[in-house]
Structures are given as C-alpha cells and as structure tokens.
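Contents: one structure, followed by commentary.
Each chain gets a letter, A, B and so on, in the order the sequences are listed, and its residues count up from 1.
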Protein chains: 2
Amino acid sequence: MTKNKINKKDKIIKAAADLFFEKGFSNTSIDDIIKVTGGSKRDIYNGFGNKSGLLSEIIRLYTDRVSHEVRLERFDENDLESSLKEFAYGLAHSYMRPEIIGLYTMIYKEVKLFPDLALEFYEKGPMLGTLKLSEFLQNCMNNGQLNKSPNYKLASFFISMIRDRIHSGVFLNSSEPVSLEELKEDVDLVVEIFLNGVKK
Amino acid sequence: MTKNKINKKDKIIKAAADLFFEKGFSNTSIDDIIKVTGGSKRDIYNGFGNKSGLLSEIIRLYTDRVSHEVRLERFDENDLESSLKEFAYGLAHSYMRPEIIGLYTMIYKEVKLFPDLALEFYEKGPMLGTLKLSEFLQNCMNNGQLNKSPNYKLASFFISMIRDRIHSGVFLNSSEPVSLEELKEDVDLVVEIFLNGVKK
DNA sequence: ATATAATGGTAATTTCAATTACCATACTCA
DNA sequence: TGAGTATGGTAATTGAAATTACCATTATAT
C-alpha cells in the first residue's frame, strides 16, 4: 500500500530531523537513523536517493511550516504597541521552539555544504517575518504614527534584538534556555525602547 | 633551536586557523594542514597532542586577541552620542573581520563538540564587550542622561542590532558581505533609534 | 666525537560511515 | 495463481581520515 510507504517516509523524516537538529547532519549516520526507525538503509536510499536528499526534504518541510505560521500574523495599525508586543511574543515563542533552534543550528553548521537550502530557509523564514513587520511599520509611517525611516531596516533591528536575546545563549553555549514567561519582561523592554526610538 | 620550533608551531597555527575558519574543524583534515605548511603529521601530533589540541590553542589565541582589543575601548560620558557611534563603528569593524567571522562560524559549527571552548570564547569576546558598554550606560544613568534600566540588557540589545546586521547575511548565506563604509548609515540609524529609545 | 635522546617522514593500522551488490521475499496485475 | 517487478535486509565495498609504528636523521651533552 502507498499509505504504508508514506508512513514509513514520514517516520524517517521525523527521526532524521530529530537527529539532524540535535547532532547535526554530518554527525548523524544513516545507521543512527535506522536504529530509531527500524527497517534498513535501503529504505532511505529508496525513499530519498541519498543522505542529502533526505536533508533537502526535511529543510523544505520545516521551513514551509514556519513560513505558513508567519503568514498568519495579524497586525492592527490602531494599536501599535499591542501589535508590536503580540508580534514579539509570537516571535520569541517561535525562536524558542526546539525545531526552530534545531533548524538554525543545523543550517549554521552546514551552510557551506548546502548554500541553496540555507538561502531558501532564510527567504521562507526570517526574511518573510521581517517583510511582514516592515509592511506594518510602513503603514504606521503613512499613518503619521511613526517617523519615516527605511522600514525593512527598522524591522530587522527589532527582530535582531528579540532573536539574539534567545539564540545567543544557545549557539554559544553561554546560558540555559528560558521560557517565554521569563522572557516577557525583556521582550516588553525591547518593544518599549524600539517604540520610543522610532515613534513621532 | 627553540626558535625554529616556535616558528613551526606558529606556521601550523596560522595555516590551521585559516582552514578551520574557512571549512570548519571537522571538514579540515590533518593532511590539509600539512599540505599548506609542509613537514609531516608528526609535527602536529608532537606540537599539539592531537587535532583537538590544535583547535584549543587556536581558539584561546584568537579570543585573547579579541578580548585585548575590547579592553582598549574608550568612552566619554560627556559625549554620549559620539561615544556610542565610535563604539558601534569599532564593533562593526570587528564583526566584519574575516578572523572573527571565521571564529564565530567555527564555534557555531562545533559548539556541541567543544562546549567549554565555546563558553570561553563567549566570555572573553561578546560578553566582555557587552559588559564594557553596560558599564558606560550605567554611568550615563547615574549622570541623569539616561533613564534607569537594566544596563546589561540594554547593552545586549544594542550589540545585537549591530552584530546581526553584519552576521545574519553571512551565516545564512543571504547576502554579500559589505564594507564598513556601506554600513555606516545603518550603524548611525541604530545609534539614533537606541538613543531615542533610552534617553531621558 | 660519540652515545643518547628528540624529531621528522613514510607507511601502516584502525575506525567509521556512505554507498552499492545481491539475494530473498512480497506485491501487482493479468 | 504465477510471471514479473518492486522492496527490504544483510553483507560487501570503498574511501576518508585520525592516530600510531617504526625507522632514519638530526641535535645535545658530556
């Protein structure tokens, strides 16, 4: 049955993603994956061509999920501060998720090996979110609520503060991961500084 | 002569650092290094114990250089804006240097393998710079020039904006590296937003 | 100057992991 | 149901790279 084949592929993708995100692509062997899923190496070569093919499918799949979430973001020009805060909470939430951290970790590790996949991830993920926010900022400039400024750049700066607050500890092994609740104050502070910084 | 031994070690360190920064630790073989320096593998095993030992020396050496530079930063409480700008230019300059980018790249790649070295890098590099800035901000708060706020956090936010402006393109393969001249406007914009955001 | 120790080079050795070969089994469709 | 095809499992094969063995050479110190 085709159904079983799909289940098997899914199972492999799930297991491989966990391993790749945890240990990186290069440090995960085909055998490691099979040890989790059962079956045999042939399942991977039949289903995905080779190890790199498996990675491609995983990155595509996970970045598509992220980009889908980003598209759902809603902003309200009549409530600038709340909108920014909600956006920032969503962002923080997303950057804290293990799959996202794993995705970033892996892409940082393997960007030299797969430059195209890294670019695709960037465009469907971080860039899309930045565009979404910059559009909102542009509307608020048109409104007269904000000073005219290069909107994409402002959006990038805002997002950098949020993301780095969460990721710098992870990627340099310099602090324990925290929960969104613990972060809330910091996120609010970011919004406050940013808003003071850019509003009329 | 001991002199020759040191020269040989230095030569190996230089060549290995270039390769590690360019291709990463795991993807550089001992033979790759020897191909550049001449001599034989034994030089590496005699001089550094093994491949990891070589990496340790490199990370120590390069992070010490960075931390030395950071210590030289000068601030002037009487000229807040210029001080921040000068600090930001220095920061940008530093984040753009190939050795620094290489160091970050490699540490991101291998943090799982060498968590202690990653932490050491963080403490001697980014953390030290952040402390330096936060001390200055604290002074300006005491002065009454800035609103009271958690100073280390403010400093982190400021640095995140500068660093991410430069590094996000590199690490996700999403844009060409730029020069400090091209960045100057963006750095000025960061300072402007930040200062508006935090000053009384 | 020569016995002893350190150093360097070449060629194993070992390990690990991706990929492939080959055979047995299970499925498909007439 | 049975010929032909696809799939899965086990066991090669291959290649890369770290580490080590061993011998030759050079340096050191009395």
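Across the protein-nucleic acid pair, B:Ile34 atom CD1 and D:dA17 atom P stand 14 Å apart, rounded to whole Å. Taking atom CG of B:Asp43 as the reference point, atom P of D:dT20 lies 16 Å away to the nearest angstrom. Between A:Asn7 atom CG and D:dG8 atom P there is a gap of 13 Å when expressed in whole angstrom units. Computed from coordinates, the B:Ile44 CD1 to C:dT7 P distance equals 16 Å when rounded to whole Å. A:Lys35 has its NZ atom 16 Å from the P atom of D:dG9, to the nearest Å. In this structure, B:Asp31 atom CG and D:dA17 atom P are separated by 8 Å, rounded to whole Å. Rounded to an integer number of Å, the gap from B:Tyr45 OH to C:dG9 P is 15 Å. Atom CD1 in B:Ile33 sits roughly 11 Å away from atom P in D:dT19 (whole-Å rounding).
With sequence neighbours left out, A:Tyr89 forms a ring-ring contact (aromatic ring centres under 6.0 Å, His included) with no residue at all.
The side chain of A:Asn46 approaches D:dT7 more closely than any other nucleotide in the set C:dG8, D:dT7, C:dA18.
Of the residues in residues 19-29 of chain A, not one places a heavy atom less than 4.0 Å from an atom of DNA chain D.
Taking the ring centroids of A:Phe157 and A:Phe194, they lie at or beyond the 6.0 Å cut-off.
For B:Asn50, no side-chain nitrogen or oxygen approaches OP1 or OP2 of D:dA18 to under 4.0 Å. Phosphate proximity of C:dA11 to B:Lys41: absent, as no side-chain N or O sits under 4.0 Å from OP1 or OP2. Proximity of B:Ser40 to the phosphate of C:dG8: no side-chain N or O atom is located under 4.0 Å from OP1 or OP2.
At least one donor-acceptor pair under 3.5 Å links the side chain of A:Ser160 to the backbone N or O of A:Ser156.
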Working for salt bridge (Lys or Arg N to Asp or Glu O under 4.0 Å), residues B:Arg60 and B:Asp64: CA-CA 6 Å; B:Arg60 294 257 154 67; B:Asp64 279 347; over 6 Å; no
Ring pair (Phe, Tyr, Trp, His ring centres under 6.0 Å) assessment of B:Tyr62 paired with B:Phe121: CA-CA 9 Å; B:Tyr62 280 77; B:Phe121 164 74; over 10 Å; no
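Both B:Arg42 and B:Lys51 lie close to DNA chain D; mapped to their nearest nucleotides by heavy-atom distance, the more 5′-ward contact belongs to B:Lys51.
Here the straight-line distance linking atom OG1 of B:Thr37 with atom CG of B:Asp32 works out to 11.0 Å at 0.5 Å rounding.
A cation-pi arrangement is absent between B:Lys109 and B:Phe25 under the rule of less than 6.0 angstrom and at most 45 degrees off the ring axis.
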